[in-house]
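For reference, the structure I am asking about is given below.
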Amino acid sequence: MLHVKFMFHRIDGAVIRFLVGAGLVAGAAMLVGQPDPAGAHGFAGDRFFPATILTDDPFVADEMSLPTFTRPPTAADGTHEYDLDVDIAKRITPDLGFTAHYGWVSSHTPGMPTVTGFSGLNTGLQYQLFINPQHEMMALAGLGVSWAHTGRVAALGAPDFTTLTPTFDFGKGFGDLPDSMPFIRPFAITGNLSYDVPTKTESAGSPNPNNFNYGFAFEYSLEYLQHHVKDVGLTAPFDRLIPLVEVALSTPVNRGQSRNTTGTVQPGIIWSGQYYQIGAEAILPVNALSGKGLGGLIQLHFYLDDMFPKTIGRPLLQW
Amino acid sequence: MSLTRQTCRRAALAALAFLASAALAPSGGFAHAFLDHALPSVGSTVHGSPGEVTVWFTQEIEPAFSNLRVVDQNGAQIDKQNNAVDPSDRTVMKVSLPKLPPGKYKVFWHVLSVDTHTTDGTFSFEVAP
């Protein structure tokens, strides 16, 4: 409750208008349309891959995170911040989708006034390469774009340059292991590989290197265990829990920055229901460059295809 | 156009409440049907041949586009191919079984929920002497 109270004291009109827009986009299109036979989000055979929080999902979907509230680890110079983020994923066709991410930041450096504002707009175009139900595998290729001058550049370090990021995401469940390994079969892993290509080599005297980004999510699905491997007597809400550990790292590859790898390790848990999921993770920096101390986040994530199956939950070209 | 902070805050709360209520209302919408539980239980060993397999789903399903089948270790379908949705409770589907010899059996389910989303899944059980 304290966090909620803090949040609304800090939110300014622009943020609220942004939230209103995001909410109404989801709500306004419930009015018309016909049902269509559509597959479920994040499924490969028996395997359900939840929408992970730190790392990208290996599937196109109609989903929305509203909001993700984050308290990152404190930065090396003592700066601490609170982030409020919104993510939307929308399918254009059953295999082609786009994503958008926007965030609002409240940042405080000791001895300085608190600064608030947007952190920059990120969008992505994604194509589902394949889904293999038998082996619980899926893969996706995409192009992410971090847009210049869409956040507070001077005060919050939002980029003054656009970055293009080709991405490859994959997921693999281990349900195809032999029946003799029943408690290994609920494991799954998802991963992201991407490469940042900034359109400007330097900003305000600091280099903008190309970065190699790599992230993984290690998941143990109690839902899979209970409903596909062995009925161990789990009931709601425990039969929908997915404990996981996410890891994401970024390594610059040029412009004198190649030793400056940063990243976080985030153990947490996701509860997945019929219409939404709730996730919470601790945030541990991997080195001093990535911050110090412990951070944390909580996310509410909606499955638009389940909430609005006749309208905005369908691929755009099927409306 | 300029909105007052109070108006914006109320609108934001209304939008969030709208989304939350749509998500939380159990009868306000439909969703994919998933397995809730089954008999024989998922991954269980039963002594003696069960007369049928019964699966309970989390949502009501469409009888015409839902099916349940049971195969043996060789992949041969061994159920009586009379799978049916319980007319008094459309979250339940059953299929009858002949007398099964000891061994492992796999259940395949494929259902169309009333919102027209399809889902499918599998689980195994073992018949012991």
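Below, read A as the first sequence line, B as the second, and so on, with proteins coming before strands; counting in each chain starts at 1.
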Side-chain touch His110(B)/Thr118(B), heavy atoms, less than 4.5 angstrom: yes
Check: Asp95(A)/Thr93(A) side-chain N/O donor and acceptor closer than 3.5 Å: no
Pair Trp271(A) and Tyr276(A), ring centroids less than 6.0 Å apart: yes
Lys/Arg N to Asp/Glu carboxylate O, Arg91(A) vs Asp62(A), below 4.0 Å: yes
Shortest non-hydrogen contact between Gln128(A) and Phe59(A), atoms and distance: OE1-CA, 3.0 Å
Per-residue contact mode, Asp179(A) against chain B (heavy atom under 4.5 angstrom): side chain
Inter-residue atom distance Glu136(A).CD - Phe187(A).CZ, 0.5 Å rounding: 13.5 Å
Under 4.5 Å from a heavy atom of chain B, the part of Glu223(A) involved: neither
Arg185(A), part contacting chain B, at a heavy-atom distance under 4.5 Å: neither
Distance-only side-chain donor-acceptor flag, Gln277(A) / Ser272(A), under 3.5 Å: no
Residue-level contacts of residues 230-238 of chain A with chain B, using a heavy-atom cutoff under 4.5 Å: Lys230(A), Asp231(A)
Aromatic ring proximity Tyr303(A)/Tyr275(A), centre distance under 6.0 Å: no
Greatest number of heavy atom pairs closer than 4.5 Å to chain A - which of Thr58(B), Leu35(B), Asp36(B), Thr122(B): Thr122(B)
